[in-house]
Amino acid sequence: MEVAVLDMAGTTVAENGVVERSFRAALERVGAPVPADLEQRFRRLRGGSKRDMFAALLDGDRETAARAHAEFEKALAEHVSSGTVTALPHATETMRRLRALGLGVALVTGFGADTRDLLLESLGWTDVVDLVLCSSDVRRARPCPDLVLTAALELSATAMSRVAVVGDTVNDLLAGTNAGAGMVVGVLSGAHGVAELGRAPHTHLLPTIGELPEVIDGGA
């Protein structure tokens, strides 16, 4: 492998429930109805662009979705600034080990650029990885392959077969598969469990990201 593309929330970052709470708060702040089944719908949409998730929850109302997304970013920033969002165990060590193995390491997220940058600073990751991309950096969010393909190009992968994609949601795995990544790894530390990830296309399922360096180093 030459490049590892790692998701943030649920894969390398413990968001501790603040993403869903921020979603609910954003809907309330713009006066939008909060669906009774918000938890279930939110769970199914995880891994995609947060702006697109709002549009889906609001039945395609893009104007209200844009306002809700802005409020979501504000609410989430409050949680990040308070220290509620933390690195998952072994995440920082894993990224350093992957780079020591000679891989370029990219973080990708459906958060906006401001939240991405705030998270990096809060977690002390500004010099831990080679590249960080968010949904506004590409035309299409996951499950489309744009984030993965952009990361592969920016980090000079010689072929998509030399790229590993790692995430905790079905959309993460679909994005890796749609990009033609040689390794598509689901981790069981986040939004979706073994039943959901097991039904999605993948090459590996791991308990946490901590096992990833051995898998890559061993060529498994």
Salt bridge R139-D146, side-chain N to carboxylate O under 4.0 Å: no
N-O pairing of R97 and E214 below 4.0 Å: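 Looking at E214 together with R97, the answer is yes, because their closest N to O distance falls below 4.0 Å.
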Can you check whether [X] reaches [Y] side chain to side chain, under 4.5 Å on heavy atoms?
{"X": "D137", "Y": "T150", "answer": "no"}
{"X": "P145", "Y": "R140", "answer": "yes"}
{"X": "T169", "Y": "R142", "answer": "no"}

Out of curiosity, [X] [atom1] to [Y] [atom2], how far, rounded to the nearest 0.5 Å?
{"X": "R199", "Y": "H192", "atom1": "CZ", "atom2": "NE2", "value": "10.0 Å"}
{"X": "R51", "Y": "R62", "atom1": "CZ", "atom2": "CZ", "value": "8.5 Å"}
{"X": "L119", "Y": "H79", "atom1": "CG", "atom2": "NE2", "value": "12.5 Å"}
{"X": "K50", "Y": "S136", "atom1": "NZ", "atom2": "OG", "value": "12.0 Å"}
{"X": "L27", "Y": "L38", "atom1": "CG", "atom2": "CG", "value": "6.5 Å"}

Between [X] and [Y], is there shared hydrophobic-cluster membership here, with clusters defined by ILVMFWY side-chain heavy atoms closer than 4.5 Å?
{"X": "L188", "Y": "M183", "value": "no"}
{"X": "L76", "Y": "L120", "value": "yes"}
{"X": "L88", "Y": "V128", "value": "no"}
{"X": "V187", "Y": "L103", "value": "yes"}
{"X": "V185", "Y": "V194", "value": "no"}

Which heavy atom of [X] sits nearest a heavy atom of [Y], and at what distance?
{"X": "A26", "Y": "A68", "answer": "CB-O, 3.2 Å"}
{"X": "M95", "Y": "L6", "answer": "CG-CD1, 3.7 Å"}
{"X": "D52", "Y": "A141", "answer": "OD2-CB, 4.1 Å"}
{"X": "G112", "Y": "C134", "answer": "C-SG, 4.0 Å"}
{"X": "A75", "Y": "S22", "answer": "C-OG, 3.7 Å"}
{"X": "R41", "Y": "A56", "answer": "NH2-O, 3.1 Å"}

Enclosure of D114 CG (heavy-atom neighbours >12, cutoff 6.0 Å):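 For D114, atom CG is not crowded (no more than 12 foreign heavy atoms under 6.0 Å).
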Crowding at CZ, R96 (>12 non-hydrogen neighbours, <6.0 Å): no
Identified side chain to side chain contact (heavy atoms under 4.5 Å, CB included) counterpart of I216 within the set H204, M1, E211: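 Result for side chain to side chain contact (heavy atoms under 4.5 Å, CB included) with I216: M1.
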side-chain contact (heavy atoms from CB on, under 4.5 Å) evaluation trace for T12 with W125: CA-CA 11 Å; T12 55; W125 284 357; 3.8 Å; yes
Under 3.5 Å: donor-acceptor pair, side chain of [X], backbone of [Y]:
{"X": "D130", "Y": "V105", "answer": "yes"}
{"X": "D217", "Y": "P213", "answer": "no"}
{"X": "E196", "Y": "V170", "answer": "no"}
{"X": "T177", "Y": "L173", "answer": "yes"}
{"X": "T203", "Y": "V184", "answer": "yes"}
{"X": "D37", "Y": "Q40", "answer": "no"}
{"X": "D168", "Y": "A191", "answer": "yes"}

Parallel, tilted or perpendicular: rings of F54 and F23 (30°, 60°): parallel
From CA spacing to verdict: side-chain contact (heavy atoms from CB on, under 4.5 Å), V166, L212: CA-CA 9 Å; V166 187; L212 183 64; 3.7 Å; yes
Pairs involving residues 81-90, ordered by first then second residue, that meet side-chain hydrogen bond (donor to acceptor under 3.5 Å, both in side chains) (sequence neighbours left out):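 Passing the test, one end in residues 81-90: S82-T84.
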Shared-cluster residues of L155, by chain and number - hydrophobic side chains joined below 4.5 Å: V3, V5, V108, L131, L133, V138, L147, V148, L149, M160, V163, V165
Stepwise side-chain contact (heavy atoms from CB on, under 4.5 Å) test for E93 and L98: CA-CA 9 Å; E93 174 192 358; L98 291 175; over 6 Å; no
